[in-house]
Student: 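Would you mind keeping the following structure in view while I ask a few things?
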Amino acid sequence: MDRTEHGLPIVTKVLPINVERVGTFVFKEPSRSFLDDWDIHLDENSRDAANLRQAVRELQTSSLPVAFPTETVYGLGADATRGDAVAGIYQAKQRPADNPLIVHISSLNQLRRLLTPASGSPSKFKQDVGDEFIPPIYNPLISRFWPGPLTILLPLPKPSPLAPAVTGTLSSFGVRMPSSKLALALIHLADVPIAAPSANASTKPSPTAADHVLHDLSGRIHFIVDGGPCTVGVESTVVDGLADPPVILRPGGVSIEMLRHCPGWENVTVAYEDGIETSAPRAPGMKYKHYSPKARVILVSGSLSVDLVRKYIGTGRAIGLAKTTTWKDDDLTARGRAALKNLSSRGRLRSFTLQRSAASSSSEPSDTNGRPPLAQHALHDEVGEQSDSIQVSSIDLGLEAASVARNLFSALRELDLAEVDVIFVEAIDESEGHAVAAIMNRLRKAAELQIQV
Ligand code: TXA
Ligand code: MG
């Protein structure tokens with residue numbers, strides 16, 4: 001339900017920003033780019049800079065959060081030091097209050113200021129990554145993966161400048177420096193640490209484009225910064241280096257293999273469970289229902305077939321396919337027809353022709369948003385009535401893990417908009433490494449059923 005403000009409905013405005021047009025980024029030490037001190041000189045005449053200023057002002061003054069892109073997914077950001085602003089995040093998302101938020105920073109100095117609120121000036125700190133306030137176990141990770149899709153847990157400073165609602169009862173907080181230049185510019189100009197969960201309504205797939213956020217949060221926030229589609233597409237990896245040995249709490253954009261190459265992280269363990277969650281998960285957010293579209297999601301390891309569709313379609317009339325490496329739409333036609341020779345006529349799908357809708361084909365290039373197109377087909381019973389047909393909407397997620405990650409959440413949302421009853425998703429081989437663990441983790445959470453055929 002939409003919220004109101006002073007008795008009036010909240011109007012949500014999308015602010016398009018091309019970060020290459022906001023002005024000039026200036027680095028103190030160019031080789032260390034965003035890890036060291038840096039600044040941005042906004043162009044007075046730029047529409048993009050004016051939009052950026054508006055978003056910054058909202059972050060600094062409003063108790064409603066601002067949605068903004070990161071390289072992983074869109075975040076719903078608020079000043080992490082202001083209780084009313086942080087409360088606004090939980091309200092807009094309808095998020096359970098015991099699920100802590102990640103704090104986003106734009107430079108190491110900003111993190112140092114956060115960790116040493118009493119000392120004021122950060123000038124006494126070494127300019128190296130390592131210093132006494134950041135546990136040394138994190139040094140190789142920060143040098144290698146920041147800015148980027150990695151969240152580290154740090155002890156909560158005492159006294160803590162963070163609003164208590166950021167961490168709840170925990171004595172640690174999660175922090176990351178995103179690599180999206182637009183996110184960095186926004187945080188830097190707001191000049192406060194930004195608490196931000198993913199900008200979806202709680203339980204829905206994370207948003208990887210501004211229109212996903214608009215769909216979920218329209219009428220709940222004032223501004224959505226639109227910086228185009230996210231490049232990574234799954235959330236950050238969350239690690240706890242305060243534990244011995246260190247643990248991965250959530251798989252994400254930085255893979256287990258990449259972490260294991262870092263000194264001190266060779267024996268990193270995994271503290272998330274795929275499938276059935278433990279009763280006391282260590283990353284509190286991992287226990288909730290997640291990434292779920294309206295349709296029933298079935299994660300399939302193995303081949304796509306008419307039999308498979310028949311078995312799980314139930315009384316549904318429309319299915320969605322999210323294809324990765326081997327599935328083809330034709331698996332439901334040519335092969336399907338052969339398979340049907342042996343089926344009794346009691347089957348719902350006795351014989352098939354595939355009719356492509358005039359406008360779309362799965363071999364078309366990506367649309368202007370960089371997302372793969374949705375192909376819609378109708379599977380018709382050749383002898384039956386139109387009412388016997390089953391609508392098939394299919395999306396190619398791509399062959400590489402990186403492209404599957406980038407397209408996954410958007411595909412689940414698009415198939416939902418096509419109003420399918422069941423979404424069949426083609427699993428990918430988990431021995432492939434890299435972002436695969438993160439992809440399969442999210443799919444298992446979204447899926448009601450996992451099957452091997
Ligand atoms: O890529 C990302 O991480 C995105 C973008 C917006 O940065 N953010 C994101 O936030 O995914 P969220 O709130 O959807 O997920 C945060 C995860 C949750 O699983 C939460 O439980 C865990 O991080 N987390 C945060 N602080 C924690 C803490 N102190 N201890 C353990 N887990 C923590
Ligand atoms: Mg989330």
Side-chain angles (χ1 to χ4, degrees), residues 65-78 80 86 89-90 92-106 145-157 160 162 164-180 182-184 186-187 193-208 212-213 216-217 225 227 230-243 246-254 271-273 277 280-292 405 409 435 438 441-442 445-446:
V66 174
F68 67 99
T70 78
E71 72 282 14
T72 57
V73 300
Y74 272 68
L76 189 62
V86 175
I89 296 177
Y90 287 95
K93 263 194 81 127
Q94 314 247 283
R95 179 181 172 107
D98 64 341
N99 191 359
L101 305 174
I102 293 172
V103 175
H104 296 67
I105 47 149
S106 58
F145 304 122
W146 273 11
L150 178 78
T151 296
I152 63 174
L153 292 198
L154 291 176
L156 201 59
S160 170
L162 297 175
V166 172
T167 51
T169 54
L170 300 172
S171 57
S172 65
F173 73 106
V175 60
R176 89 174 185 101
M177 186 190 296
S179 65
S180 152
L182 182 47
L184 288 165
L186 192 68
I187 302 164
I194 300 291
S198 47
N200 51 294
S202 218
T203 80
K204 293 290 160 206
S206 294
T208 52
H212 301 162
V213 184
D216 282 14
L217 301 182
V225 173
C230 300
T231 52
V232 175
V234 290
E235 301 88 340
S236 62
T237 305
V238 181
V239 295
D240 182 357
L242 306 174
V247 291
I248 301 174
L249 300 181
R250 179 176 73 179
V254 171
Y272 56 88
E273 242 184 81
E277 296 297 336
R282 300 187 45 191
M286 301 298 274
K287 75 181 174 213
Y288 295 105
K289 184 179 167 194
H290 257 92
Y291 315 113
S292 309
F409 289 142
N441 172 266
R442 304 308 188 267
K445 283 173 188 300

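First listed ligand is number 1; within each ligand, the first listed atom is number 1.
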Student: Below 4.5 Å, heavy atoms only, C-beta onward: do Trp146 and Ile152 meet side chain to side chain?
Tutor: yes
Student: Find all atoms of ligand 1 within a distance of less than 4.0 Å from any non-hydrogen atom belonging to Thr72, and give their numbers and elements.
Tutor: 1 (O), 2 (C), 4 (C), 5 (C)
Student: If the cut-off is 4.0 Å to any non-hydrogen atom of Pro197, which atoms of ligand 1 fall inside it?
Tutor: 6 (C), 10 (O), 12 (P), 13 (O)
Student: Any side-chain to backbone donor/acceptor pair from Ser180 onto Glu71? Under 3.5 Å, distance only.
Tutor: no
Student: Only heavy atoms count here, so choose which of Gly253, Pro100, Gly148 is nearest to atom 24 (N) of ligand 1.
Tutor: Pro100
Student: Can you find an N or O of Ser236 that's nearer than 3.5 Å to an N or O of ligand 1?
Tutor: yes
Student: For the backbone of Cys230 and the side chain of Tyr74, can you confirm whether one donor and one acceptor N or O come within less than 3.5 Å of each other?
Tutor: no
Student: Counting each atom of ligand 1 from 1 as listed, which ones have a heavy atom of His104 under 4.0 Å away?
Tutor: 5 (C), 6 (C), 7 (O)
Student: Between Pro207 and Ser198, is any pair of side-chain heavy atoms under 4.5 Å apart?
Tutor: yes
Student: Do you know which of Thr70, Thr151, Thr72 makes side-chain hydrogen bond (donor to acceptor under 3.5 Å, both in side chains) with Ser236?
Tutor: Thr151
Student: List every atom of ligand 1 that sits less than 4.0 Å from any heavy atom of Ser172, numbering the atoms from 1 in the order shown and giving each element.
Tutor: 28 (C), 29 (N), 30 (N)
Student: Is the contact between Leu153 and ligand 1 made by the side chain, the backbone, both, or neither, using heavy atoms and a 4.0 Å cut-off?
Tutor: side chain
Student: Heavy atoms, side chains only, cut-off 4.5 Å: are Leu249 and Leu153 in contact?
Tutor: yes
Student: Can you check whether Arg250 has an N/O within less than 3.5 Å of an N/O in ligand 1?
Tutor: yes
Student: Would you mind running through ligand 1 and noting each atom that sits below 4.0 Å from a heavy atom of Leu170?
Tutor: 28 (C), 29 (N), 30 (N)
Student: Could you check whether any heavy atom of Asn99 sits closer than 4.0 Å to an atom of ligand 1, since that is the contact criterion I want to use?
Tutor: yes
Student: Using 2.8 Å as a strict upper limit, say whether an N, O or S atom of Asn200 approaches the Mg ion (ligand 2) that closely.
Tutor: no
Student: With distance as the sole test, does Arg250 use its side chain to make a donor-acceptor pair with the main-chain N or O of Ala438 at under 3.5 Å?
Tutor: no
Student: Under a 4.0 Å threshold between the charged nitrogen and the carboxylate oxygen, would Glu235 count as salt-bridged to Arg176?
Tutor: no
Student: Using a heavy-atom cut-off of under 4.0 Å, does the side chain or the backbone of Arg95 touch ligand 1, or both, or neither?
Tutor: side chain
Student: Sub-3.5 Å donor-acceptor pair from the side chain of Thr167 to the main-chain atoms of Phe173, do we have one?
Tutor: no
Student: Closest by any non-hydrogen atom to atom 4 (C) of ligand 1: pick that one out of Leu150, Val73, Leu242, Ile194.
Tutor: Val73
